[in-house]
Amino acid sequence: METKVVQTTVKEGISFGTALAMVISFVTWKSVGWAILHGLLGWAYVIYFLIKY
């Protein structure tokens with residue numbers, strides 16, 4: 001039971017990180033290509049954005 005909760009939480013966290021990265025990227029750069037790339041990077045881009053800006 002606990003494993004399923006952890007798996008679901010991780011999956012939702014990754015999905016949220018991907019969506020957040022794509023939105024931040026598109027708003028900042030106005031480029032779908034960059035948004036897709038940053039979506040693939042997910043939380044790494046979100047953390048980079050927070051540190052840089």
Side-chain angles (χ1 to χ4, degrees):
M1 181 76 177
E2 229 176 88
T3 305
K4 182 148 179 95
V5 171
V6 171
Q7 289 173 344
T8 303
T9 303
V10 169
K11 188 176 180 180
E12 288 176 8
I14 291 171
S15 298
F16 179 74
T18 298
L20 184 59
M22 291 179 81
V23 168
I24 290 171
S25 177
F26 187 76
V27 168
T28 304
W29 304 109
K30 307 286 191 264
S31 169
V32 173
W34 280 117
I36 291 171
L37 175 64
H38 295 144
L40 293 173
L41 297 174
W43 280 112
Y45 179 71
V46 173
I47 294 168
Y48 163 79
F49 184 83
L50 290 173
I51 291 170
K52 179 117 173 134
Y53 299 99

### Task
Can you measure from CD1 (Ile36) to CG (Leu41) and round to the nearest 0.5 angstrom?
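Ile36 atom CD1 to Leu41 atom CG measures 12.5 Å (nearest 0.5 Å).
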### Query
Say you draw a straight line from CG of Leu40 to OG1 of Thr18; how long is it, rounded to the nearest 0.5 Å?
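Output value for this atom pair is 8.0 Å.
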### Task
With sequence neighbours left out, write down each residue that passes ring-ring contact (aromatic ring centres under 6.0 Å, His included) with Phe49, or none if nothing qualifies.
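For Phe49 the ring-ring contact (aromatic ring centres under 6.0 Å, His included) partners, ignoring immediate neighbours, are Tyr53.
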### Message
Are Phe16 and Leu37 connected into the same hydrophobic cluster when the rule is that any two of I, L, V, M, F, W, Y join if their side-chain heavy atoms are below 4.5 Å apart?
### Response
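Yes, one cluster joins them.
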### Task
Only pairs at least two apart or in different chains count here, so list each side chain to side chain donor-acceptor pair (under 3.5 Å) that has a residue in residues 29-42.
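Found Ser25-His38, Trp29-Tyr45.
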### Query
Taking side chain as C-beta onward, heavy atoms only, is Leu20 less than 4.5 Å from Trp43?
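Heavy-atom side-chain distance check passes, below 4.5 Å.
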### Message
According to side chain to side chain contact (heavy atoms under 4.5 Å, CB included), who are the partners of Val23, at least two apart in sequence or on a separate chain?
### Response
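Only Val27 meet the side chain to side chain contact (heavy atoms under 4.5 Å, CB included) criterion with Val23.
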### Task
For residues Ala21 and Gly42, report the shortest heavy-atom separation together with the two atoms involved.
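That closest heavy-atom pairing would be CB-O, 3.4 Å.
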